[in-house]
Structure formats: structure tokens, C-alpha cells
Amino acid sequence: NVALTKIYDSTPPANIEISDCYAITEYISSPGNRNFFDSIDQQPITYEYEETELLIKSLPKETTNIQVDNIRGGNVPNYMFVGLLPSANLQGVYGKGATSFKQHNVEELNITLSGNSVSGYPIKIAHGSPIYPLHKFLDTTGRLYNVFSGKTPCFTSFKTFMWIWAHKFEAEMTSQGWIGINLKLSTEFTEQMSMVIWIISPNALTIDKYHQIEKINL
């Protein structure tokens with residue numbers, strides 16, 4: 001139910017069977033690749049990647065000032081994205097989108113690191129306009145003034161179903177600390193709401209010729 005979208009007004013099947021499932025693989029090699037993998041005899045091979053942490057926080061309904069402290073501690077990540085939606089949207093119900101993020105009465109959002117606002121925050125919303133969060137989202141994802149970025153979300157789409165608060169950690173005063181989020185609402189929530197948080201951090205794996213794997217936190 002979470003993965004499928006209801007198209008017709010009919011009762012969905014109780015069970016869904018996947019048949020004739022197979023994978024297509026392609027072998028690619030080159031002298032550079034072979035030399036790279038042969039180097040494992042002298043030293044472990046390092047694979048750098050970005051790791052994504054997904055956090056979901058329930059938000060209170062009887063206040064217009066919400067403070068979520070100590071979301072994550074330790075090394076400062078590369079990126080952070082935040083979206084708000086009704087908790088019912090995460091239950092796998094047809095007709096409710098699990099990725100439909102909107103403003104939901106937020107007048108101001110602030111991202112903090114060890115109690116101090118990160119660069120570019122807090123962001124205030126005037127007259128329900130998403131222009132500042134949209135600008136920040138495009139800048140964070142490298143699409144701002146980038147003619148090679150392809151299609152970017154338009155004003156209407158961002159406001160209607162993909163209102164995501166974004167930040168790239170690149171001008172912070174410290175390399176470690178606790179991340180927090182503060183919300184100011186125009187009115188209290190009338191239904192149970194959830195905050196979805198994505199945290200993107202640099203990581204690496206090393207593997208040696210004996211197939212021993214070690215994770216490195218960059």
C-alpha cells in the first residue's frame with residue numbers, strides 16, 4: 001500500500017504477487033579499473049560515499065512554538081533536509097501521499113547547531129510565500145544559477161507538495177555539535193503532525209585483500 005498509487009475507485013488487492021522478476025547485469029572493465037583493484041595487495045581500497053539518516057519526529061498540537069533539541073550529535077553533516085506532513089500520511093493509506101510536504105502553518109523555521117543558528121537561518125515566511133525556502137533548497141542542491149542542473153521545481157509545485165527546508169553545512173563555527181530545529185506556527189496543529197528529517201553525512205569504507213571491511217566516519 002505504501003509503494004502503489006490508487007488509480008481507479010476499486011478495492012485494492014489483498015495480496016500482490018511479483019512474477020518473472022530478474023536482474024540485468026553488465027560487466028565493465030578497463031586497465032585503470034584493473035590497476036585500481038590490483039592495488040588491494042599493497043593497501044586497502046577506500047570507497048567514499050554519502051550516508052543518509054532518516055529521522056521522524058512527532059510534533060505537539062497544543063502550542064505555536066515547537067523546539068526539537070538534540071536531533072543528532074557528533075560531526076557536522078554535509079546536508080540536512082526537513083519536511084512536515086500529517087502523521088496519517090506515513091501509514092500507507094491510499095489517497096495520502098507519504099512525500100507530500102507543505103507549509104502547515106509554519107511562519108518561521110530555525111536550524112541550530114549547539115544552540116546557534118546555522119548560516120541562512122532562521123527563515124521567516126510572509127503571506128504564505130515559499131520563495132525563501134525554495135531559494136534555499138535550490139542553493140543547497142546546487143541548482144541555483146546552474147544551467148546544467150536540468151529541470152528545477154517551480155514555485156507552484158514547491159508550495160503545493162514539496163515544501164522542503166534545506167541547508168548545506170559549509171560556514172559553521174564548529175565541526176561538531178548537536179543539531180536542533182525550532183518552529184513558530186501561525187496557529188496550532190489541528191491533527192497529529194510529523195517532521196521528516198534527512199541528514200546526509202560523508203563516510204567511507206575500506207576493504208583489504210582478506211575481505212575485511214572497516215567503516216570510517218569522515
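Quick caveat: nothing in here was measured; it's all calculated off a predicted structure. Both backbone and side-chain heavy atoms feed into the values below; hydrogens, waters and symmetry mates do not.
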Taking the side chain as every heavy atom from C-beta outward, state whether Ser194 and Leu84 have any pair of such atoms under 4.5 Å apart.
no
Return yes if a side-chain donor-acceptor contact under 3.5 Å exists between Glu50 and Asn78, otherwise no.
yes
Treat each ILVMFWY residue as a node, draw an edge where side-chain heavy atoms are under 4.5 Å apart, and state whether Tyr47 and Ile200 are in one component.
no
Measure the shortest side-chain to side-chain distance between Ser100 and Thr160 over non-hydrogen atoms and say whether it is less than 4.5 angstrom.
no
Going only through I, L, V, M, F, W and Y residues with side-chain contacts under 4.5 Å, is there a path from Tyr79 to Tyr49?
no
Can you run down the side chain to side chain donor-acceptor pair (under 3.5 Å) pairs that involve residues 103-114, sequence neighbours left out, and say none if there aren't any?
Asn105-Thr187, Asn110-Ser117
Can you list the other members of the hydrophobic cluster that holds Phe148, where links are side-chain heavy atoms under 4.5 angstrom apart?
Val147
Side chain to side chain contact (heavy atoms under 4.5 Å, CB included) assessment of Ile56 paired with Leu90:
CA-CA 10 Å; Ile56 300 177; Leu90 300 174; 4.0 Å; yes
Do the side chains of Phe81 and Ile199 get nearer than 4.5 Å, heavy atoms only?
no
In the structure I gave you, are the side-chain heavy atoms of Asn65 and Leu183 within less than 4.5 Å of one another anywhere?
no
Pick from Leu109, Val82, Ile125, Ile164: which one makes a side chain to side chain contact (heavy atoms under 4.5 Å, CB included) with Pro133?
Ile125
Consider only side-chain heavy atoms of I, L, V, M, F, W and Y, link residues closer than 4.5 Å, and tell whether Tyr145 and Leu138 are in one cluster.
yes
With a 4.5 Å cut-off on side-chain heavy atoms, are Leu185 and Ile66 touching?
yes
What heavy-atom pair brings Ile111 and Met80 nearest, and what distance separates the two atoms?
CG2-SD, 4.1 Å
Can we call the ring centroids of His167 and Phe169 under 6.0 Å apart?
yes
Tell me, which pairs form a salt bridge (Lys or Arg N to Asp or Glu O under 4.0 Å) where one or both residues lie in residues 57-75, sequence neighbours left out?
Glu53-Arg72
Consider only side-chain heavy atoms of I, L, V, M, F, W and Y, link residues closer than 4.5 Å, and tell whether Ile131 and Phe137 are in one cluster.
yes
Any donor-acceptor N/O pair, Gln192 side chain to Leu59 backbone, under 3.5 Å
yes
Between Asn35 and Pro31 (side chain of the first, backbone of the second, donor and acceptor by atom type, cut-off under 3.5 Å), is there such a pair?
yes
Centroid separation Phe101 to Trp198 less than 6.0 Å
yes
